[in-house]
Amino acid sequence: MMLTVVGVRFKRAGKIYYFDPADFQVKAGQKVIVETVRGIELGEVAVGPKTVMEEDVVAPLKQVIRIATEEDINTERENNRKEKEAFDTCLKEIEKHQLEMKLVDVEYTFDNNKIIFYFTADGRVDFRDLVKDLASIFRTRIELRQIGVRDEAKMLGGLGPCGRSLCCSTFLGDFEPVSIKMAKEQNLSLNPTKISGICGRLMCCLKYEEDVYEEIKKEIPPIGAKAQTPNGDAIIVDVNVLKQTVKVRLIKDEDGEFGEYPISSIKVVDGQE
């Protein structure tokens, strides 16, 4: 069964969630009011109406309540203003309680039923007294949520080693697993300072070309293999995945002359040397 849905995002570069547009003529870029597990929220339509298979949607599929009005947008602006004030207040309370934690961001739910304080810390933090004080100040539900360094970078933003705005804070909806193996596959420097982002973790962009490298490497012979080249038998000493070429040492040449050939021009005759 096919369903018509719209994709709604609640934060810049945040995850996209599907909702039923109901009878509203919703289009990408519009602000809408929807119901989530956190209550009533204002979000932006990131994906216009489209049809998807029912099994691709997390049930139950909630409906768009309404297209955001000017009053709704003003409420969101007011919440943003109050978040800045709540941030400063929380900093003072953290200092008062002498807690080893770093406040990263503050978020008011649209209906003001809850304030969420995001923080990082090296270990577990006993913030029960802090929550009590914040609840007495703001007179609403308080949630303190500990996040990781990657989430911190996503919230704060910044410039990566490439000089561009961080991928995580501009367009990456979800973090994908990144491993040192990806850097090895792409023949990159394994110096941590060269392949780490400002969060201190491996750069997300290591994942971008990994699938292409893995696919091409299936066709590339391994280093140490014996191969026939236009100039005679040789041993493969290096490979260039992007150029799809191999560097070889000719066996017949006593001086060990090296040459570079396209993969299509050689024939592997033996496995490892």
[atom1]-[atom2] distance between [X] and [Y], expressed to the nearest 0.5 angstrom:
X	Y	atom1	atom2	answer
Asn240	Ile220	CG	CD1	8.0 Å
Thr89	Ile137	OG1	CD1	6.0 Å
Ile40	Glu35	CD1	CD	5.0 Å

Any residue meeting salt bridge (charged side-chain N to carboxylate O under 4.0 Å, His left out) with [X], in chain and number order, not counting sequence neighbours:
X	result
Glu95	none
Glu219	none
Glu210	none
Lys247	none

* To do: If a pair satisfies salt bridge (charged side-chain N to carboxylate O under 4.0 Å, His left out) and one of its residues is in residues 183-193, list it, with sequence neighbours excluded.
  =>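 For residues 183-193, and leaving out neighbouring residues, the salt bridge (charged side-chain N to carboxylate O under 4.0 Å, His left out) pairs sorted by first residue read Lys181-Glu185, Glu185-Lys217.
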* Quick one: which residue pairs count as a salt bridge (charged side-chain N to carboxylate O under 4.0 Å, His left out) with a foot in residues 9-24, not counting sequence neighbours? =>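 Qualifying pairs, neighbours excluded: Lys11-Glu107.
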* To do: Could you list all the ring pair (Phe, Tyr, Trp, His ring centres under 6.0 Å) pairs where at least one residue sits in residues 127-146, not counting sequence neighbours?
  =>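 Applying ring pair (Phe, Tyr, Trp, His ring centres under 6.0 Å) to every pair that reaches into residues 127-146, excluding sequence neighbours, yields Phe119-Phe127.
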* With distance as the sole test, does Thr229 use its side chain to make a donor-acceptor pair with the main-chain N or O of Asp233 at under 3.5 Å? ->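 No: the side chain of Thr229 does not pair with the backbone of Asp233.
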* Between the side chain of Lys114 and the main-chain N/O of Ile142, is any donor-acceptor distance below 3.5 Å? ->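 Not a single qualifying donor-acceptor pair exists.
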* Can you check whether Tyr208 reaches Leu206 side chain to side chain, under 4.5 Å on heavy atoms? ->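 The answer is no, as the side chains (C-beta and beyond) never meet within the 4.5 Å cut-off.
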* Does Glu152 come within less than 4.0 Å of Lys102, counting only side-chain N to carboxylate O? ->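 A salt bridge links Glu152 with Lys102.
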* Pairs meeting criterion side chain to side chain donor-acceptor pair (under 3.5 Å) with involvement of residues 194-205, two or more places apart ->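 Non-adjacent pairs meeting side chain to side chain donor-acceptor pair (under 3.5 Å): zero.
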* To do: Please identify each residue that fulfils side chain to side chain contact (heavy atoms under 4.5 Å, CB included) with Glu85, with sequence neighbours left out.
  =>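 Glu85 satisfies side chain to side chain contact (heavy atoms under 4.5 Å, CB included) with Arg81 once adjacent residues are dropped.
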* Asked: side chain to side chain contact (heavy atoms under 4.5 Å, CB included) with Arg124: which residues, sequence neighbours excluded?
  ->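 So Arg124 forms no side chain to side chain contact (heavy atoms under 4.5 Å, CB included) with any residue.
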How about [X] and [Y]: does a side-chain donor come under 3.5 Å of a side-chain acceptor?
X	Y	answer
Thr245	Glu260	yes
Asn191	Thr193	yes
Asp133	Ser136	no
Asn80	Arg77	no

* Where do Ala46 and Ala28 come nearest, in terms of heavy atoms and distance? ->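 Ala46 and Ala28 have their closest heavy atoms at O-CB, 4.4 Å.
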* Under the side-chain contact (heavy atoms from CB on, under 4.5 Å) criterion, do Lys218 and Glu214 qualify, and how do the steps go? -> CA-CA 7 Å; Lys218 292 178 183 177; Glu214 289 181 354; 5.6 Å; no
* To do: Anything under 30° is parallel, anything over 60° is perpendicular, the rest tilted; go ahead and classify Phe10 against Phe19.
  =>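 Ring orientation, 0 to 90° scale: perpendicular.
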* Cation-aromatic face contact Lys50/Tyr18, 6.0 Å, 45 degrees ->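 Cation-pi check for Lys50 and Tyr18: fails.
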* **ILVMFWY cluster membership beyond Ile116 - transitive side-chain contacts under 4.5 angstrom** =>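 Direct or chained contacts put Ile116 with Val104, Tyr118, Ile147, Met155, Leu156.
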* Results of side chain to side chain donor-acceptor pair (under 3.5 Å) for Asp105 - residues two or more places apart only ->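 If we apply the side chain to side chain donor-acceptor pair (under 3.5 Å) test to Asp105, skipping adjacent residues, there are no hits.
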